[in-house]
Amino acid sequence: MMPQDFVPVLLTFAVVGGFAGIALVATHFLGPKAYSPIKQDTYECGVDYIGDSRSRFSVKFYLVAVLFVMFDLEVVFMYPWAVNFRTLGTFGLATMGIFLVILTVGLLYEWKKGALEWD
Amino acid sequence: MQTIIFALLALVSLFSAIMVVTRKNPVFSILYLVLTFFCFAGFYVMLGATFLAAIQILVYAGAIMVLFLFVVMMLNLREPEELEGKNTLWQTMGAVVAIGFGLLVLAFLGRSPGAGVPNFQPGEEAYVMGGAKALGKLLFTEFVFPFEIAGVLLLAAVIGAVALAKRKRV
């Protein structure tokens, strides 16, 4: 890997950003504009809306997100291990085994506590 | 070429970081923070830490930002204007801490000029070192113990999250 290898990544970002920017500017200049009070109103699939979107959300969503981040990080650690799987051999397998056992304790805990149930 | 990219990244990251702290709407702040994190990933690539750059985007710009959004949603900040004028004590304390930290960085740079400045034009060996393969080799041999401790840390976070959010039921 060299810095030059990341030019395609940079190009992708430029294309994505450029497309979004051009699409926004183009619709602003090309499309017809007709404002009316009904059109400016909040769109809720044709149903009359209640209150605004800034209502309070249940902590359950947050719990799901936190647990996702934990196991996301677990997989992050597994990637450099998998790349070196052959050279690390049994020792690598054992270390990853211990790591997974530690985190499986967490999984069992949340399972028993009912954190994986929605209600 | 590298200097131009660095300058662009620095400009965008400074701009978005300033936008983070000046926006009244916390959701906008978070979206600008995502942009800042993307710029950081660019810096990591320039420093040769390519694996870290990928993780920066996946974990920070992706997952951690979702957590931030959930916090904003749970705090139920209805009108951004409500915050104005209140909490002046906190604002003063924040300013004091920020200025103090800035002075600390300045003192450090004054004492040893160029000490904290990373090399933004590293050679190929830096890119080998920062890749997933070299990182894994080090992590699972020399730094095996810190790696297992990281597992314990994650376990503590899982238990903490469950204990806090599920407190009512048990």
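Naming convention: chains lettered A, B, ... in sequence-line order (proteins, then strands); numbering from 1 in each chain.
Scanning both residues, B:A63 and A:D72, for their nearest heavy atoms gives CB-OD2, 3.9 Å. Looking at every heavy atom in both residues, A:H28 comes nearest to A:K33 through O-NZ, 2.6 Å. Closest approach of B:L67 and A:Y62 over heavy atoms only: O-CE1, 3.7 Å. Nearest heavy atoms, A:V66 versus B:A161: CG1-CB, 3.4 Å. Smallest separation of non-hydrogen atoms from B:A132 and A:N84: O-ND2, 3.9 Å.
Contacts between residues 97-111 of chain A and chain B, defined by a heavy-atom separation under 4.5 Å, are made by A:I98, A:F99, A:I102, A:L103, A:V105, A:G106, A:Y109, A:E110. The contact list for residues 11-27 of chain A toward chain B, using heavy atoms and a distance under 4.5 Å, reads A:F13 by residue number. Within residues 153-160 of chain B, the residues having any heavy atom less than 4.5 Å from a heavy atom of chain A are, in residue-number order, B:L154, B:L155, B:A157, B:V158, B:I159.
Within 6.0 Å of CZ in A:F71 there are more than 12 heavy atoms belonging to other residues, nucleotides or ligands.
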List the atom pairs, donor and acceptor, that lie under 3.5 Å between side-chain atoms in residues 32-40 of chain B and the rest of the protein, sequence neighbours left out.
| unit_1 | atom_1 | unit_2 | atom_2 | d |
| --- | --- | --- | --- | --- |
| B:T36 | OG1 | B:S16 | OG | 3.1 |
| B:T36 | OG1 | B:Y32 | O | 2.8 |

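Heavy atoms closer than 4.5 Å to chain A are found nowhere in B:L69, neither backbone nor side chain. For chain A, the nearby part of B:V66 is the side chain; its heavy atoms alone come within less than 4.5 Å. The contact between A:F91 and chain B is made entirely by side chain atoms (from C-beta outward), counting heavy-atom distances below 4.5 Å. Looking at A:Y79, the atoms closer than 4.5 Å to chain B (heavy atoms on both sides) all sit in the side chain, from C-beta outward.
At least one side-chain heavy atom of B:T141 sits under 4.5 Å from a side-chain heavy atom of A:L88. Between A:V76 and B:V59, some side-chain heavy-atom pair lies under the 4.5 Å cut-off. You'll find the side chain of B:R23 stays beyond 4.5 Å of the side chain of B:L31, heavy atoms only. Counting heavy atoms from C-beta outward, B:V27 and B:F68 have side chains that stay 4.5 Å or more apart.
To the nearest 0.5 Å, atoms CG (A:L67) and CG (A:L116) are separated by 7.0 Å. The distance from atom CE of A:M96 to atom CZ of A:F77, rounded to the nearest 0.5 Å, is 8.5 Å.
The ring of B:F51 has its center no closer than 6.0 angstrom to the ring center of B:Y44.
Side-chain N or O atoms of A:K39 include one that pairs as donor or acceptor with a backbone N or O of A:A34 at under 3.5 Å.
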